[in-house]
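These notes concern the structure reproduced below.
The shown structure was predicted, so the numbers you read here are calculated from the model rather than taken from an experiment.
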Amino acid sequence: MLTTYTFFITSLIIILLPGTGVIYTISVGILNGKKASVLAAFSCTLGILPHLCTSIALSTLLLQMNPKVFTIIKLTGALYLLYLGCKIMFSKENLEFQPAKKDTAPLTILQRGILINLLNPKLTLFFFSFLPQYIRGNKDNFAFQSFLLGVAFMLLTLIIFIGYGILAGTAKKFIISSPKHMEMLQKCFAIVFVLFAVKLVLTQF
């Protein structure tokens, strides 16, 4: 019971810490509203699933894999974050709020959210090092227990991200009233994505 309690508390703290998924969900909530932020939260959570499955399936082999594999994935993820940052920085589409203008397509929001977490190899290593600490009993059902814990982590992620997005969507009307605020906000989001890209490149695995 104590182990389960510790797992949820630790997971909660980890998820609450600002990361690329949180920043993306908040930015979508502010720029496109509450409904879009829920979709962003769902897509970011969905992007976790491949890492969870990979960490479970390759848990005994992961540390013996060729480091070049992680380097390629890491650089791909960093380039994608850099692309998003530059696109937001130099885009003029969202500098002025126009109620009649169509928001970002749901499919685009979904794709970007999935890719943000899908191209972050740190998530695979995170699950690899985090989940085994909370496995109880014999190792025969290691994969099953790991998957259950992973799903619990994903559900917590979805709930918290939705909360972040809805709060951001609520604040939307106070921000979009000023084009100046919108421009500053976009540049802040762009800088954050670029910083995450640099951090990902410099991270040692």
Side-chain angles (χ1 to χ4, degrees), residues 8 11-53 77 79-120 122-123 126-127 150-197 200:
F8 279 104
S11 298
L12 190 63
I13 294 173
I14 292 171
I15 297 168
L16 284 171
L17 292 174
T20 52
V22 171
I23 296 298
Y24 178 69
T25 303
I26 291 176
S27 66
V28 169
I30 291 176
L31 299 175
N32 295 286
K34 297 178 184 178
K35 291 183 179 180
S37 73
V38 173
L39 184 60
F42 175 76
S43 64
C44 287
T45 304
L46 196 60
I48 295 175
L49 187 58
H51 296 285
L52 173 62
C53 294
L79 286 173
Y80 182 71
L81 292 176
L82 189 62
Y83 160 75
L84 284 181
C86 291
K87 185 173 183 179
I88 294 174
M89 177 72 76
F90 298 109
S91 175
K92 297 181 179 179
E93 293 181 1
N94 294 319
L95 295 183
E96 296 181 3
F97 178 74
Q98 300 174 357
K101 186 176 180 179
K102 186 178 181 180
D103 290 331
T104 305
L107 183 59
T108 300
I109 293 175
L110 188 64
Q111 290 174 337
R112 289 178 180 174
I114 292 175
L115 285 175
I116 280 175
N117 275 340
L118 186 62
L119 296 179
N120 184 359
K122 290 176 65 178
L123 284 174
F126 165 74
F127 282 120
V151 170
F153 185 90
M154 290 178 64
L155 288 175
L156 276 176
T157 300
L158 179 60
I159 293 170
I160 292 172
F161 277 27
I162 287 176
Y164 272 128
I166 290 177
L167 288 175
T170 302
K172 175 181 177 181
K173 59 182 179 182
F174 298 104
I175 299 174
I176 60 178
S177 58
S178 171
K180 200 81 171 180
H181 291 166
M182 286 291 291
E183 183 175 357
M184 291 177 60
L185 186 65
Q186 284 196 182
K187 292 190 182 303
C188 286
F189 285 139
I191 292 171
V192 169
F193 276 117
V194 171
L195 289 177
F196 273 124
L200 189 58

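In terms of heavy-atom proximity, Ser43 sits nearest to Gly113 at OG-CA, 3.2 Å. Shown here for Pro50 and Leu118, the closest heavy-atom pair between the two residues is CG-CD1, 3.4 Å. Taking all atoms of both residues into account, the shortest heavy-atom contact from Arg112 to Tyr24 is CB-OH, 3.2 Å. Shortest non-hydrogen contact noted between Ala168 and Ile26 is CB-O, 3.4 Å. Gly21 and Phe161 get closest at one heavy-atom pair: C-CE2, 3.5 Å. Of all the heavy atoms in Met154 and Leu52, the pair that sits closest is SD-CD2, 4.1 Å.
Checked by atom type and distance alone, the side chain of Tyr164 pairs as donor or acceptor with a backbone atom of Leu16 at under 3.5 Å. The closest donor-acceptor contact from the side chain of Ser11 to the backbone of Phe8 lies at 3.5 Å or more, if one exists at all.
Contact annotation: the side chain of Phe42 never approaches that of Ile109 to less than 4.5 Å [non-hydrogen atoms, C-beta and beyond].
Here the CG-CD1 distance, from Leu158 to Ile162, works out to 4.0 Å after rounding to the nearest 0.5 Å. Between Thr25 atom OG1 and Leu39 atom CG the span is 10.0 Å, to the nearest 0.5 Å. With rounding to the nearest 0.5 angstrom, the OG1 atom of Thr108 is 10.0 Å from the CG atom of Asn32. In this structure, the separation between CD1 on Ile23 and CD1 on Ile116 is 10.0 Å, given to the nearest 0.5 Å. In this structure, Leu119 CG and Ile114 CD1 are separated by 11.0 Å, a value rounded to the nearest 0.5 Å.
Here the options are Thr45, Leu49, Leu123, the test is side chain to side chain contact (heavy atoms under 4.5 Å, CB included), and the partner is Asn117; only Leu123 passes.
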